[in-house]
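Residue numbers start from 1 in every chain, and the chains themselves are labelled A, B, ... in the order their sequence lines are given, proteins ahead of strands.
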There are 2 protein chains.
Amino acid sequence: MPRINAEVQTPGRRLRSEGKKTAILDAAETLFITEGYERTTVDAVAALAQVSKRTLYNHFSDKEIIFLRVLSRVNETLLSTISAAIDEELTTGRDLREALTAFTHRIVDRAFGSSDYLTFRRLLSQQQSVPRPPGAIRDRPLGMLEQRFTELAADGSIRAPRPRLAAQHFTALTISLAQEALLDHENEKDTEPPDLDAIIADGVDAFLRAYR
Amino acid sequence: MPRINAEVQTPGRRLRSEGKKTAILDAAETLFITEGYERTTVDAVAALAQVSKRTLYNHFSDKEIIFLRVLSRVNETLLSTISAAIDEELTTGRDLREALTAFTHRIVDRAFGSSDYLTFRRLLSQQQSVPRPPGAIRDRPLGMLEQRFTELAADGSIRAPRPRLAAQHFTALTISLAQEALLDHENEKDTEPPDLDAIIADGVDAFLRAYR
DNA sequence: GTAAAAGTGCACTCGTCAGTGTACTTTTGG
DNA sequence: CCAAAAGTACACTGACGAGTGCACTTTTAC
């Protein structure tokens with residue numbers, strides 16, 4: 001009798017091992033974000049991942065390596081989130097205001113505690129003296145948006161002689177402000193949660209006034 | 001013979017002591033910014049301040065207390081910087097574009113390594129679990145700007161039915177973007193330094209298009 | 001000149017945390 | 001069933017850093 005889907009019961013050595021590995025990275029991500037790099041102990045990561053400390057060190061040589069891995073993982077998902085949002089929401093032919101609003105929401109919304117973008121900024125802003133991943137990271141999302149803005153400018157939807165600048169201004173008016181509001185809320189508890197809808201709508205509005 | 005200006009030679013007990021105190025805070029500020037809170041050792045602060053560790057602990061009970069003191073000092077100078085910039089640059093009667101540009105420069109420019117605003121954001125973003133100073137800090141500068149924008153709206157210089165929103169958007173388009181550029185430059189060395197003039201001019205430009 | 005205030009040097013305690021060594025158990029593949 | 005891979009429990013080392021105790025020197029005030 002052939003075992004077609006054996007992993008359901010027994011994951012297999014490889015899969016099992018890989019599972020622990022990502023569990024460790026997940027736990028580390030959580031703790032790095034809530035506690036910061038320095039305050040996160042390796043023991044705590046192991047405990048949260050439900051893995052022995054020794055296993056952790058069998059997978060990763062270093063605390064620092066774990067940090068870098070988390071960073072690059074987050075970066076990847078961030079990039080694909082943005083890329084998908086651009087492709088699927090910022091389509092030509094759609095009403096511009098609607099498209100921009102939907103796009104921004106898609107990036108900001110999941111920020112109920114796990115926004116990739118937010119996460120990424122935080123992680124980056126923490127570790128100052130640790131070797132950073134390759135580079136030009138912060139640049140990529142902007143570049144992607146710039147490209148789409150170039151197309152929008154070409155077909156006359158917006159007036160943007162310098163599409164990169166337009167992309168920067170758009171981000172500043174919408175995504176950045178929304179994130180700032182979320183951060184402030186987190187830091188200063190017992191204030192009412194920010195009205196993301198309003199922030200985004202206002203930002204899109206101002207952008208359209210400036211770039212149309 | 002009366003000693004009119006005795007402090008020149010002998011500072012006096014009080015002044016001498018106060019001098020050490022601020023030396024300590026200065027050193028701490030430098031290190032907290034460059035190294036982060038956790039990575040900054042009390043010994044390093046004492047060494048940089050040219051003060052014995054014991055003296056440091058005679059002035060401040062705690063490492064944490066030092067952090068809070070630094071924070072509130074930075075906050076105060078930040079507030080007065082902004083307040084002065086508003087009063088002296090954002091005067092009515094002046095050409096609006098010129099006024100806004102000068103105002104922004106005044107806040108951003110000294111960022112050659114000691115921008116108060118930047119400093120403050122950084123310090124705040126670091127310590128997540130440490131007791132924070134009173135509150136509504138981030139709110140104050142905005143409030144001051146909002147007030148002036150209300151006046152500008154009243155005399156027809158700008159069209160801003162919601163002055164606070166205008167202030168937020170202005171900050172996002174100018175100050176925030178400039179700071180972001182400075183931060184990126186610092187993190188990612190060997191890139192050319194950002195052209196703050198251009199960033200600010202473009203930001204003011206977009207703002208005027210949206211709010212005029 | 002002198003006493004007290006301010007500062008110094010240094011050794012020491014105590015806790016924490018990264019990373020290791022090892023003997024042991026569990027899981028998996030064939 | 002068995003051998004090897006993967007994981008565990010736990011004790012341990014070594015470093016480092018916050019904060020203290022104390023005997024001592026310097027500075028200031030009068």
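Contact detail for A49(A) and I24(A): the closest heavy-atom pair is CB-CA, 3.8 Å. Between A99(A) and E89(A), the closest heavy-atom pair is CB-O, 3.5 Å. Taking both residues in full, the closest heavy atoms of R73(A) and T22(A) are given as NH1-O, 3.9 Å, listed atom of the first, atom of the second, then distance.
To the nearest angstrom, C1' of dC10(D) lies 12 Å from CG of D43(A). Between R14(B) atom CZ and dA6(C) atom P there is a gap of 9 Å when expressed in whole angstrom units. Per the geometry, NZ belonging to K20(A) stands 13 Å off C1' belonging to dA5(D), to the nearest Å. Between the CD atom of E64(A) and the P atom of dC17(C) there is a distance of 18 Å, rounded to whole Å. In this structure, the CG atom of L15(A) is 16 Å from the P atom of dT27(C), given to the nearest Å. dA6(D) atom C1' lies 12 Å from atom CD1 of I24(A), rounded to whole Å. Straight-line distance from the CD atom of E18(A) to the C1' atom of dG7(D): 15 Å, rounded to whole Å.
Residues passing the side-chain contact (heavy atoms from CB on, under 4.5 Å) test with E88(A) are A84(A), R106(A), sequence neighbours excluded. Shown here are the side chain to side chain donor-acceptor pair (under 3.5 Å) partners of R148(B), two or more places apart in sequence or in another chain: E151(B).
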Can you check side-chain contact (heavy atoms from CB on, under 4.5 Å) on E98(B) and V204(B), steps first, answer last? CA-CA 9 Å; E98(B) 196 186 298; V204(B) 169; over 6 Å; no
For a side-chain contact (heavy atoms from CB on, under 4.5 Å) check, start with the C-alpha distance between H169(B) and D202(A), then their side-chain angles and the critical distance, and finish with the verdict. CA-CA 9 Å; H169(B) 281 173; D202(A) 289 335; 4.2 Å; yes
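In DNA chain C, the stems built from three or more successive Watson-Crick or G-U pairs (distances below 3.5 Å) are C:1-30 with D:1-30.
Across dT27(C), dT8(C), dG19(C), the shortest atom-to-atom separation from the side chain of D62(A) is found for dG19(C). For K63(A), the side-chain atoms get nearest to dG19(C) when compared with the rest of dG19(C), dA6(C), dG17(D). Listed candidates were dA18(D), dT27(D), dA6(D). Nearest to the side chain of R16(B) is dT27(D). Considering only the side chain of V51(A), dT8(D) comes nearest among dT8(D), dA18(D), dG7(C).
Below 30°, between 30° and 60°, or above 60°: for F67(B) and F32(B) the angle between ring planes is above 60°, a perpendicular geometry. Relative orientation of the F103(A) and F170(A) rings is tilted, given thresholds of 30° and 60° on the angle between their planes.
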Compile the donor-acceptor pairs under 3.5 Å between side chains in residues 40-48 of chain B and protein atoms, sequence neighbours left out, one pair per line.
residue, atom, partner, partner atom, Å
T40(B), OG1, L31(B), O, 3.2
T40(B), OG1, G36(B), O, 2.7
T41(B), OG1, A44(B), N, 3.0

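Contacts with DNA chain C (heavy atom under 4.0 Å) in residues 53-61 of chain A: K53(A), R54(A), Y57(A), listed by number.
A donor-acceptor distance shorter than 3.5 angstrom exists from the side chain of T101(A) to the backbone of R97(A), with no hydrogens or angles considered.
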Listed pairs, N/O of protein and of nucleotides 2-4 of chain D, under 3.5 Å:
none

